[in-house]
Amino acid sequence: MKNVLVIGSTGQIGSELTMKLRGMIPEGNIVAGYIPGAEPKGALLESGPAEVADVLNGAQLAEIVKKYNIDTVYNLAALLSAVAESKPLLAWRIQMDGLINILEIAREQGCAVFTPSSIGSFGPNTPRVGTPQDTIQRPKSMYGVTKVATELLSDYYFSKYGVDTRSVRFPGLISYTTLPGGGTTDYAVDIYYSAVKGEEFTCPLNPGTFMDMMYMPDALKAAVDIMDADPSRLIHRNSFNIASMSFDPEIIYKKICEHVPGFKMKYVNDPVRQKIADSWPDRMDDSCAREEWDWKPSYDLEAMTVDMLENLRKKLNLA
Ligand code: SER
């Protein structure tokens, strides 16, 4: 990786991945791709090139790839699961029309492509605990449908055209820099904001709703390491299960209470999110990622909680 286009650079993953890549590859062009209305600001804008990069505009993307001699595209444009249920056609267009635009450019101009998949690519008849790498994927949400199709299309472009597509199935991602928008796992970010602000948290999911979760530094490491992995070791490509922690609302609430005594939480169920969460795994088996490219996370719930609380207090100027 030297010249990289990050599409969706102002989103939850993109905003941090772009900065990480700029730090790692100072001699390269790490282009922050964005859409009008979601412009980069501050350090993201000042530390490197930025270009309007709409996944639905193939000609525009091709121009950027040519201009900066891009070798790797991180395709992070997507509607998350809950918002995709309210706008299924738009989710399909962004996720699928966008992907094929990128894959075609990658085929023509020889780029590697990372398009994340998710725990959302699984469905209610997938084994929930120790979810295997290769298993039943019959999701019921539009988000999940697009993620399975993304995995298949990415593998197709690799086997048919040799496009270097690789990716991971992200768990719910927790971070303090940029908020996620419209996902099912967002509660696990929002709960920390409530805790540091001294507010009661309203949890949209029932107690006992377990899902895989991950702290952003581990997710970024996975996104970089999979693209740097030795291709001769890769048996799988799109996409690898990766896991680091699994909890339900009670467990994260109790963990935060250890650090924020008196923190309060109540449950007000969101049926759309609950239905989605109930169809996702409790905990994925990530042994293929560990064997094929040495995946290993660093953060557990305790380490993440300490870091989230400290950094959110700084960010929000709360002593
Ligand atoms: N975090 C995503 C969501 O909740 C799943 O990958 O939609």
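Whatever order the structure lists them in is the order used to number ligands and atoms, beginning at 1.
Under the 3.5 Å distance criterion, the side-chain polar atoms of E39 are matched with a main-chain donor or acceptor of G37.
Taking the six-membered ring for Trp and the full ring otherwise, F247 and F210 have centroids separated by 6.0 Å or more.
At least one N or O atom of T185, backbone or side chain, sits closer than 3.5 Å to an N or O atom of ligand 1. Not a single N or O atom of W280, backbone or side chain, sits closer than 3.5 Å to an N or O atom of ligand 1.
Using a cut-off of 4.0 Å between Lys/Arg side-chain N and Asp/Glu carboxylate O, K275 and E85 are scored as not salt-bridged. For the pair D218 and K296, the salt-bridge criterion is not met [side-chain N within less than 4.0 Å of a carboxylate O]. The pair E250-K254 meets the salt-bridge criterion, since a charged nitrogen lies less than 4.0 angstrom from a carboxylate oxygen.
Per-residue contacts place S118 under 4.0 angstrom from the following atoms of ligand 1 (heavy atoms of the residue considered): 5 (C), 6 (O).
Summary of contacts: the protein heavy atom closest to atom 4 (O) of ligand 1 is T184 N, 2.6 Å. When only non-hydrogen protein atoms are considered, atom 7 (O) of ligand 1 lies nearest to S81 OG, 2.6 Å.
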